[in-house]
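Start at 1 and go down the list; that is how both ligands and their atoms are numbered. The first residue of the sequence shown is numbered 1, and numbering continues consecutively from there.
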Amino acid sequence: MDTRQHDDSRTSVRVEPASRLLAGAAVTAVRAPSIWNTQPWHWRIAHDTAELRADRDRQLRSIDPDGRLLTISCGAALHHACVALRAAGAAVAVERLPDGDDPDLLAVLRYGGTLDWSPMAQRLRRAITVRRSDRRPFADEPVPEHRIDRLRDAARRAGADLHVVRPQELTTLSVAAGHAAAAERTDPVYRAELAAWTGARLEGGEGVPLDTVAPVGARPVPVRDFTGDDPGPSIYSGIDVADRNARYGVIVIDADEPAGWLVAGEALSAVLLTATDEGLATSAMSDLVEDNAARAMLRRMLGSVGQPAIGVRVGVPGHGAAPPQAPRRPAKDTVEVVVDPRA
Ligand SMILES: Cc1cc2nc3c(=O)[nH]c(=O)nc-3n(C[C@H](O)[C@H](O)[C@H](O)COP(=O)(O)O)c2cc1C
């Protein structure tokens with residue numbers, strides 16, 4: 001059997017129709033959000049199946065020693081691929097963590113025939129191409145409640161809960177984010193990894209370009225400082241601060257373990273794409289769960305029911321041009337198609 005890389009133009013290899021569909025979906029999934037844009041996944045497609053594997057070489061030592069954020073990122077890629085397949089009219093069966101002896105094999109997708117046209121799948125597929133993290137302060141307009149309801153439904157359909165943070169819980173979120181920032185700012189391993197993933201790594205189509213980040217500034221809940229030189233985010237609750245119409249959600253899972261993290265990533269993707277489809281801007285916030293003390297604060301906020309997996313920030317986009325899209329690795333580096341020479 002001849003193994004060849006899938007190329008970006010999707011035209012140079014002769015593969016079976018099911019493999020072609022799966023490869024197209026895997027290429028689309030490169031647009032999924034990932035921790036620091038590490039894109040820590042690898043797809044292997046053979047006949048009518050696609051295997052999604054974790055790429056541990058891309059795991060961040062400082063903030064992700066257990067692989068929680070890596071697995072959430074892969075879950076987001078899994079959901080993106082499923083959206084692309086649904087939009088292409090393809091049915092797939094998904095087996096999550098199918099092999100207890102092979103924990104890096106996160107999912108196997110098996111092509112299962114055709115499905116009817118779905119307008120919703122088309123809309124979410126379009127959202128994949130336009131979504132990006134928007135860390136700027138949001139506009140001074142509230143997010144209509146029915147839009148928040150749609151996000152909650154999207155998370156639930158993906159198998160997790162979206163806890164929508166109530167006004168009286170904002171202080172907990174602020175303190176948790178501030179605590180995580182303070183702890184991480186003084187960690188030399190964190191600082192070295194942050195410098196790499198906002199610097200040299202960008203050449204390979206990965207990492208977080210500084211023109212996609214926004215000043216931390218005075219916000220009710222500080223966002224991550226990607227520059228590493230902010231003196232320390234301040235927490236303000238006055239009426240003159242930016243971002244006061246931001247809404248926050250926490251993706252909640254049953255158990256803090258790989259199966260839950262994968263589902264959390266799928267739910268994160270579902271929430272972000274649905275919000276994009278609703279014309280809302282979003283950014284993920286994992287600092288809230290990276291630090292043990294911050295995670296414990298969130299757990300208490302949830303009434304000790306379920307495990308906080310990741311935070312989401314949602315709002316009406318601010319004025320001016322949207323931030324640029326972050327780059328991606330070439331698909332040939334993440335998508336491998338196994339070609340049967342007899343085909
Ligand atoms: C698990 C996970 C954790 C993330 N944590 C943060 C975060 O704490 N702060 C932030 O601004 N963005 C965060 N992001 C967003 C990524 O930085 C972003 O998806 C990546 O840089 C690619 O950019 P894009 O979302 O614009 O496509 C996170 C994304 C994922 C999937």
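- With sequence neighbours excluded, no residue forms a salt bridge (Lys or Arg N to Asp or Glu O under 4.0 Å) with R135.
- Between Y190 and W197, the ring centre distance reaches or exceeds 6.0 Å.
- Under the side chain to side chain donor-acceptor pair (under 3.5 Å) criterion, the residue pairs touching residues 74-93 are H79-S269, H80-S269, with sequence neighbours excluded.
- Although no hydrogens or angles enter the test, the distance criterion places no donor-acceptor pair under 3.5 Å between the side chain of E184 and the main chain of A181.
- Applying the side-chain contact (heavy atoms from CB on, under 4.5 Å) test to T49 and every residue at least two apart in sequence or in another chain returns V108, R110.
- In this structure, R247 forms no cation-pi arrangement with F138, as its terminal cationic atom is not both closer than 6.0 Å to the ring centre and no more than 45° off the ring axis.
- Residues lining ligand 1 at a heavy-atom distance below 4.0 Å are given as R31, P33, S34, I35, W36, N37, L69, I72, S73, R131, R132, S133, R135, V208, R224, F226, L268, A284, M285, S286, D287, I310, A326, R328, ordered by chain and residue number.
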